[in-house]
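From a predicted model like this one, the values you see are computed outputs, not experimental measurements.
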Amino acid sequence: MAFIRRVRTGSGATAVQIAEYARGRQRIVTHVGSAHTEAELGVLLQRARELLEDPEQGVLDLGIGPTAPVTSLVPPAREVGLFDAPQAVVDRGRDGPGRVVSTDSRVLFEALATVFTDLGFDALEDAVFRDLVIARVVEPTSILDTGRVLIDLGVRPASEKTMRRTLARAYQGTYRDKVAQLCFDHALTSGDVSLVLYDVTTLYFEAEKEDDLRKVGFSKERRVDPQVVVGLLVDRRGFPLEIGCYEGNKAETSTIVPIVKQFQARHDVGDMVVVADAGMLSATNLRELDEADLRFIVGSRVTKAPMDLASHFRWHGDAFADAQVIDTLTPRTGRRSENDTAVRAEPVWGPIAHPGSWRAVWAYSAKRAARDNKTLTLQENRARAVIAGEKAARTPRFVKTSGDRHALDEAALARARRLVGLKGYVTNIPAQLMPASEVIGSYHELWHVEQSFRMSKTDLRARPMFHRTRDAIEAHLTIVFTALAVSREVQARTGLAIRNVVRQLRPLRSATIAINGATQTFVPAIPADKQAILDAIQGRTHALSK
């Protein structure tokens, strides 16, 4: 009679053999293999059963029919002694073929957890907070649905109540301060913080009523929902450094100084340059930044060009050469200029020589001029269509209204045509410290903060928000702020957008298989291109080309 037996080997493995009794003694018919894990043992036992049950099997000379009884497994009671006959473990049954219990994307989770740790965020000693951050990077969703995302990532999620308690700690504790400090330390070691970029955005709510924080205010998307104003400070690579939340009706220009001063006080930073767009251009902002001994570069409005370039227009007319740069002055307040148009040469700005002015740099681009002219032509055509009654719309640009009559504002259109191609920058940095080309180049780094905002709004889905209280909103922004740091670091290491990284790594599924009462998880086969992304995230290779 043939049977299956298990024998413990000297190396600690378990040998699976098929044997038979011949003349009262055991004879080994075939050695199926040796197993070092429960999963391997299950596979070998299954193979042995198949060999016993296959009537066509020609490798076993058992002298038995295909319906030979199969006995169940019993673990050996003791090790085989030197003079003992090996004990046979007779298998009298089977529990069916192996089955996949679950699959998950733990490869992706572990990669993002590596970045989370490398940034020092493990110092918070809160695994639930880490899981909430990584879940937001992978698939932003509500607290109720976050558990599903974590299970798909191979993580046992905390309960909803535990997640909400973690959110409460994220605001009531020092999480935001610790994360901001760790972000600053990382930015300092990987680059520098001598130049920081600032911008604001609005996050709206699915709410009908306003409260002390969520208020209806100016929306670039012309929404009428309650909203909050969020300010974000990043380094020149777009890595987040500071975040602030303000009432929805707060003017954008009044947010930059509190954020910058908060950042300055937190890290005891003295000498740095703050770059912001023209929306931050206000006399009060620039004065307060200057009084705080901070250097700034902000965009100027084209409407200020006629005054700032009055000397150029007098001596050179409307002629500009492509890539021409004019370094001049702009009044701090009002329309009183310290630039003497009777002098052909532009003045060289200095804080002592020109106490009523800031330095203004204007640049002309032929490519920008072509784009501006195209836009103006479209606006002119729209204005003419409204005047002719061909289009019913709110009064567009370049339309003068007198009673019920509409007319084209030829003078305004001519002024706009005169200024096409010009872009201005206002700063308090003397030319001896920063040439005009560097002023322009520093301002053009603003696309990094704009990209970070796009990531927070789209990839991390910071809005719309369903939180109601200020504490919950601030906690939500702390999660988004931390997730943004992880996302920007992944992007810096791989050279790929975070959505691209998630899209490529999430399909790498680990499988948990159950067979014969044993379970084991097997990692997926990873193609070379996906392995290159994982290596880059873990810092083993240089950033991938886009």
Side-chain angles (χ1 to χ4, degrees), residues 195 198 251-254 256-257 260 271-321 323-365 368-369 372 411-412 414-444 446:
L195 184 142
Y198 180 78
E252 293 182 355
T253 55
S254 61
I256 181 172
V257 173
V260 172
D271 188 17
M272 67 178 187
V273 179
V274 181
V275 182
D277 67 10
M280 301 298 109
L281 183 63
S282 75
T284 301
N285 280 347
L286 302 188
R287 186 189 71 251
E288 291 188 14
L289 289 173
D290 188 64
E291 291 174 351
D293 294 327
L294 291 170
R295 304 170 190 232
F296 59 80
I297 300 173
V298 298
S300 184
R301 299 183 179 90
V302 178
T303 54
K304 298 176 70 69
M307 180 182 297
D308 297 353
L309 299 177
S311 179
H312 176 87
F313 286 133
R314 175 175 179 179
W315 293 97
H316 304 284
D318 297 345
F320 291 96
Q324 182 177 355
V325 175
I326 302 171
D327 207 331
T328 184
L329 310 177
T330 187
R332 294 192 179 191
T333 58
R335 301 185 62 83
R336 183 176 176 275
S337 177
E338 294 179 322
N339 186 357
D340 186 0
T341 58
V343 179
R344 187 182 185 118
E346 297 289 346
V348 178
W349 178 83
I352 297 177
H354 307 97
S357 302
W358 300 118
R359 181 185 176 195
V361 176
W362 287 89
Y364 178 85
S365 164
R368 186 187 301 115
D372 291 348
R415 285 194 301 269
R417 295 279 188 194
R418 191 184 189 196
L419 303 177
V420 296
L422 290 171
K423 176 66 178 177
Y425 315 87
V426 178
T427 182
N428 62 345
I429 306 174
Q432 298 87 340
L433 297 179
M434 183 178 286
S437 59
E438 190 172 342
V439 171
I440 298 171
S442 297
Y443 182 86
H444 287 175
L446 270 178

With rounding to the nearest 0.5 angstrom, report the [atom1] to [atom2] distance, [X] to [Y].
X    : Y    : atom1 : atom2 : result
T427 : L433 : OG1   : CG    : 9.5 Å
S357 : E338 : OG    : CD    : 3.5 Å
L419 : W362 : CG    : CH2   : 7.5 Å

**Report entry** Test applied, side chain to side chain contact (heavy atoms under 4.5 Å, CB included); reference residue, R359; option that passes from V439, T330, L329
**Finding:**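 The side chain to side chain contact (heavy atoms under 4.5 Å, CB included) with R359 is passed solely by V439 among V439, T330, L329.
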
Query raised in the report: Relative to each other, are the rings of Y425 and H444 parallel, tilted or perpendicular (30° and 60° limits)?
Result: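 Because their plane-to-plane angle is over 60°, the rings of Y425 and H444 count as perpendicular.
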
Query - I297 vs M434, side chain to side chain contact (heavy atoms under 4.5 Å, CB included): CA-CA, chis, key distance, verdict - result: CA-CA 11 Å; I297 300 173; M434 183 178 286; 3.9 Å; yes

Query - CA sep, side-chain torsions, deciding dist, call: R287, R332, side chain to side chain contact (heavy atoms under 4.5 Å, CB included) - result: CA-CA 8 Å; R287 186 189 71 251; R332 294 192 179 191; 5.9 Å; no

Can you check whether [Y]'s main-chain N or O pairs, donor with acceptor, with [X]'s side chain at less than 3.5 Å?
X    : Y    : value
S365 : A323 : no
Q324 : A321 : yes
H316 : H312 : no
W349 : I429 : no
N428 : L294 : yes
E288 : V257 : no

Report task. Take F296 and V275 through the side chain to side chain contact (heavy atoms under 4.5 Å, CB included) test and state the conclusion after the steps. Result -> CA-CA 6 Å; F296 59 80; V275 182; over 6 Å; no

Requested in this report: Compare every heavy atom of Y443 with every heavy atom of G299, then report the nearest pair and how far apart it is.
Outcome: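 Closest approach of G299 to Y443, heavy atoms only: N-CE1, 3.2 Å.
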
Query raised in the report: Passes side chain to side chain contact (heavy atoms under 4.5 Å, CB included), R295 versus M272? Steps please.
Result: CA-CA 6 Å; R295 304 170 190 232; M272 67 178 187; over 6 Å; no

